[in-house]
Amino acid sequence: MNDQILMTNDLTKKYKKHTSVDGLNLRIERGQIYGFLGPNGAGKTTTIRMLLGLIKPTKGNIEIFGQSLKKNRLQILQQIGSLVESPTYYGNLTGRENLEAVRRLRDLPEKRVNEVLEMVRLSKVANRLTKEYSLGMKQRLGIAAAMLSNPDLLILDEPTNGLDPSGIQEIRELIKELPEAGMSVLVSSHLLSEIDQMATQVGIINNGKMIFQDSIERLRQKQKPLLKEQGIKADLQNDFLWLSQTEPAFVSDMNASLVHSGVSVYRLEEVKRTLEDIFLELTGTEGSL
Ligand SMILES: Nc1ncnc2c1ncn2[C@@H]1O[C@H](COP(=O)(O)OP(=O)(O)OP(=O)(O)O)[C@@H](O)[C@H]1O
């Protein structure tokens, strides 16, 4: 079912002569995890600020939950949870106390604090002071606060920024579970690798313009013909592009070609065949052990 939750038409923001966001037509459907990708300065934060009614578009319109943001701002924003920039806390309060303060302010049900702590996997450290939290824990607490009101749409601006790989993994796992809890998600990042395994849909923005918007599967499929055109044999398996040649010149040409075509390469690795692989190949017993 096509159930559009967010739609922008020709969304544009100009600062004097500079166009930060240029005619964006964003489309997000209910239940999707929409990865909003673009290099630094591409216009992601400016777009998100417009979606949250924090700044006014120069041109274009925004429809969220089927209603115009201009006309129904407050009603729409009540159903959106957001994390824009680093969350701020009272360091001398515990994680639970910080959430409790937000909950009271917004008059939300008491049980919700425990529910969101559980969802972001902070229950065990809920009674520790937040000044002792790691950056990843702080980000998760920020997401918990954004989820307190049980919003239909969660907007997260670069929630993995500055985190180490395990922190990124935790956020990724957490976000993946949100559609099941009834939330659609827009999550921005400047690295494809960070949202690769969690987004269902991807919008790529560059210099304020949308250059790709489709499913993550379609984005992956684009990689193969590109190499095929150049006579390079490649096999796409488990999110990795497998190549049989490893000469330095070949690898660097292939990398340049992918990057020039807008495909972010986040790791190049030579995988040596294990002795077991060689043994299996020599003995022809592959797959029959
Ligand atoms: N208040 C402002 N006044 C003038 N220019 C601005 C303003 N806010 C943003 N810009 C410009 O708009 C462009 C897009 O910025 P934006 O912060 O939206 O990018 P971004 O994709 O979120 O990048 P980053 O990840 O670095 O935050 C940049 O060139 C920026 O300098």
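As a basis for the values below, the full set of heavy atoms in this structure was taken, side chains included, without hydrogen atoms, waters or symmetry mates. Indexing begins at 1, ligand by ligand and atom by atom, following the structure's order.
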Proximal atoms of ligand 1 relative to [X] (non-hydrogen, under 4.0 Å):
X     : value
Ser20 : 10 (N), 11 (C), 12 (O), 13 (C)
Thr46 : 9 (C), 14 (C), 15 (O), 16 (P), 18 (O)
Thr45 : 17 (O), 18 (O), 20 (P), 22 (O), 27 (O)
Pro39 : 21 (O)

Would [X] and [Y] count as having a side-chain donor-acceptor pair, cut-off 3.5 Å?
X      : Y      : answer
Gln213 : Tyr34  : yes
Glu118 : Ser123 : yes
Asn127 : Thr94  : no
Gln32  : Thr200 : no

> Of the backbone atoms (N, CA, C, O) and the side-chain heavy atoms from C-beta on, which set of His18 has a member under 4.0 Å from an atom of ligand 1: side chain, backbone, both, or neither?
Replying inline: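 Side chain only; the backbone of His18 stays clear of ligand 1.
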Which residue owns the protein heavy atom closest to [atom], what's the atom, and how far is it?
atom                    : value
atom 19 (O) of ligand 1 : Gly43 N, 3.2 Å
atom 7 (C) of ligand 1  : Tyr15 CE1, 3.3 Å
atom 26 (O) of ligand 1 : Gly41 N, 3.3 Å

> Under 4.0 angstrom from atom 31 (O) of ligand 1, is there any protein heavy atom?
Replying inline: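 Not a single protein heavy atom is under 4.0 Å away.
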> Is there a protein heavy atom at a distance of less than 4.0 Å from atom 14 (C) of ligand 1?
Replying inline: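 There is a protein heavy atom less than 4.0 Å from atom 14 (C) of ligand 1.
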>> Assess the residue pair Leu24 and Lys209 against the criterion (side chain to side chain contact (heavy atoms under 4.5 Å, CB included)); give the C-alpha distance rounded to whole Å, side-chain angles, the decisive distance to 0.1 Å, and a yes or no.
In response: CA-CA 6 Å; Leu24 281 200; Lys209 287 197 169 81; 5.7 Å; no
>> Out of Glu158, His190, Lys16, who is nearest to atom 25 (O) of ligand 1 when you count heavy atoms only?
In response: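 Shortest heavy-atom distance from atom 25 (O) of ligand 1: Glu158.
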> Under 3.5 Å between some N or O of ligand 1 and some N or O of Lys44?
Replying inline: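 For ligand 1, there is an N or O atom that lies under 3.5 Å from one belonging to Lys44.
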> Counting distance only, does the side-chain N/O of Asn98 pair as donor-acceptor with the main-chain N or O of Tyr90 below 3.5 Å?
Replying inline: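 Yes; at least one donor-acceptor contact below 3.5 Å.
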>> Check for me whether Gly38 has a heavy atom closer than 4.0 Å to any atom of ligand 1.
In response: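 Judged by the 4.0 Å heavy-atom criterion, Gly38 does not count as contacting ligand 1.
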Identify whether the distance between the nearest side-chain nitrogen and carboxylate oxygen of [X] and [Y] falls below 4.0 Å.
X      : Y      : answer
Arg96  : Glu100 : no
Arg121 : Glu170 : no
Lys59  : Asp10  : yes

